[in-house]
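Chain naming here is simple, since letters A, B, ... match the order of the sequence lines and numbering starts at 1 in each. All values below were derived from every heavy atom in this structure, side-chain atoms included, with hydrogens, water molecules and symmetry-related copies excluded.
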Protein chains: 2
Amino acid sequence: MRKPELKFAIIATDSVIFTILNEKLKILLVPVNIPPYFHDMQGLPGGLIAPDETAEDSVFRHIRNKTGLDIGYIEQLSTFSAINRDPRGRVVSVAYTACLSEEQATKSILKDGAVWVDVRSLPKLAYDHNEIVNKALENLRAKIWHTKFVQSLLPSKFTLHEIQSVFDVILGVGSDKRNFRTKVFNLDILKKVPGKKMKGAHRPAELYSFKASKVL
Amino acid sequence: MRKPELKFAIIATDSVIFTILNEKLKILLVPVNIPPYFHDMQGLPGGLIAPDETAEDSVFRHIRNKTGLDIGYIEQLSTFSAINRDPRGRVVSVAYTACLSEEQATKSILKDGAVWVDVRSLPKLAYDHNEIVNKALENLRAKIWHTKFVQSLLPSKFTLHEIQSVFDVILGVGSDKRNFRTKVFNLDILKKVPGKKMKGAHRPAELYSFKASKVL
DNA sequence: GCAAAAGTGTTGCCGGTACACCCATGC
DNA sequence: GCATGGGTGTACCGGCAACACTTTTGC
């Protein structure tokens, strides 16, 4: 099945890059065309780790190449080492999760056919990338209250409605406005900042930002 | 600093193997002697991943070689890829956590100078192994209530005192007997099994075992 | 009968959830 | 003045922590 020409395993990284566009959770996918194994499929952005870079460096480099962006916050997800996960040979992949704000995602200049795809309607992906995405989603949902993922998904200033919407979209449930606010205020992670945000003919919303390094 | 003869990174695994001996949390360490880099030091058991095995396979194999035991349950911890973590060349390591019962640990036939060392009095270890152990400890403490680690640390039948002792030793705090029992009973993960355990001139203790696959 | 570990319930607090109304703005 | 989203408080429930006495056994 796999070609024996590679004597040792090669190390790569794959990135699950989340953003929220139009209240939908999306990830970045790139075309995969590797005859005779994969025809017109999609997969996660990623690539080999260069000899003089760490896995994190590699992730930053590959994301920059696909989006033109410098991502600020990534988190290691897991390492995938199934023997036949890459039909071309033995490739072990260290998977990472990253998040972008809608603003960053829309201003990024996608290259090589990269596209944002709704996680609710993912196609069958190349390699074991569906498995990686599923694990990334589980991990995101489990840790959303205890990591900086939310901060990466939001602009520097945001309304309470916006931050609540991030939680609701990721967790896939609608939450109560008053309870949500009580909870985040008790966590003491937000500070009110000057200015208000108008959106249509309504009462303007207060703006908030994250207190420096409160959430781990 | 590092030798350039290796053109690509090599993949290895390292294992943090916990057990509890005499109410002390211990890990397995092996001697490391690699002049001119490491003289009479200790480090985690581990080794390269063979081309035809997964990372998990590699962990099982290396543990078997050091202890003569077949470990049942392991869990991936994290992957360490700092460029100079191994002074001999570029080695990326996938770290795993495993746990053994006291019975398994004492009956295991340690080879190559492997020893059990109290985590409270660890020496400076070779490579970045102190960092790996610290992360493994954090992870163990954070997930102790939600993983099979506790099951791996206990024999198949045990008393309530014994399981509480496992939690207390790992978390480093004494807990209330009645509250602890209320909590585990509410979790519905234990079943009473026939027989009692005597230990000195006292009232005998009931024996319990885990219900099949309740804890994830 | 005494030393030593096993076993057993109640109370207060806190975090989570359910739930409804007034406020500020543009038109 | 009305339509639209912004903002606020209370009541119930369940999990968690503090706390002391009786039971069973070997000697």
Using whole Å, report how far [atom1] of [X] lies from [atom2] of [N].
X      : N      : atom1 : atom2 : answer
A/E162 : D/dG5  : CD    : P     : 14 Å
B/W145 : D/dG15 : CH2   : P     : 14 Å
A/L187 : C/dC14 : CG    : P     : 16 Å
B/D176 : C/dT10 : CG    : C1'   : 12 Å
A/R181 : D/dT10 : CZ    : P     : 17 Å
A/E206 : C/dT25 : CD    : P     : 10 Å
A/L207 : D/dG6  : CG    : P     : 12 Å
A/F158 : D/dG5  : CZ    : P     : 21 Å

*Could you tell me whether the side chain of A/K183 has a donor or acceptor atom within less than 3.5 Å of a complementary atom in the base of C/dG16?*
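Absent.
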*asked:* Can you tell me whether the side chain of A/H202 and the base of D/dT4 have a donor-acceptor pair closer than 3.5 Å?
replied: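 Such a pair is found, so the answer is yes.
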_Sugar-phosphate only, base, or nothing, as touched by A/K199 at under 4.0 Å among non-hydrogen atoms_ =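 If one applies the 4.0 Å heavy-atom cut-off, A/K199 turns out to touch nothing in the nucleic acid.
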*Is the closest side-chain heavy-atom distance between A/I63 and A/L28 below 4.5 Å?*
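No, their side chains stay 4.5 Å or more apart.
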*asked:* Any carboxylate oxygen within less than 4.0 angstrom of a Lys/Arg side-chain nitrogen, looking at B/D14 and B/R85?
replied: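 Yes, charged N to carboxylate O under 4.0 Å.
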*Quick one: does A/H129's side chain have a donor or acceptor within less than 3.5 Å of a partner on A/L44's backbone?*
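Yes, the answer is positive, given that a donor and an acceptor are paired below the 3.5 Å cut-off.
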*Do A/Y73 and A/F149 have ring centroids that are under 6.0 Å from one another?*
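Ring centres of A/Y73 and A/F149 closer than 6.0 Å.
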*asked:* Quick check on the 6.0 Å ring-centre criterion: do B/F38 and B/Y127 meet it?
replied: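 Yes, they do, as the ring centres are separated by less than 6.0 Å.
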*B/L160 or A/P204: which one's nearest nucleotide on DNA chain C is closer to the 5' end?*
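Whichever sits nearer the 5' end wins; that is B/L160.
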*Measure from the side chain of B/N179, starting at C-beta and using heavy atoms only, and say which of C/dC19, D/dG26, C/dG9 lies closest.*
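The answer is C/dG9, which lies nearest to the side chain.
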_From C-beta outward on B/R203, which listed nucleotide comes closest to its side chain: D/dG26, D/dT8, C/dA6?_
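Closest of the options to the side chain of B/R203: C/dA6.
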*Under 4.0 Å between a side-chain N/O of A/R178 and OP1 or OP2 of D/dG7, yes or no?*
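It does not, given that no N or O in the side chain of A/R178 lies less than 4.0 Å from OP1 or OP2 of D/dG7.
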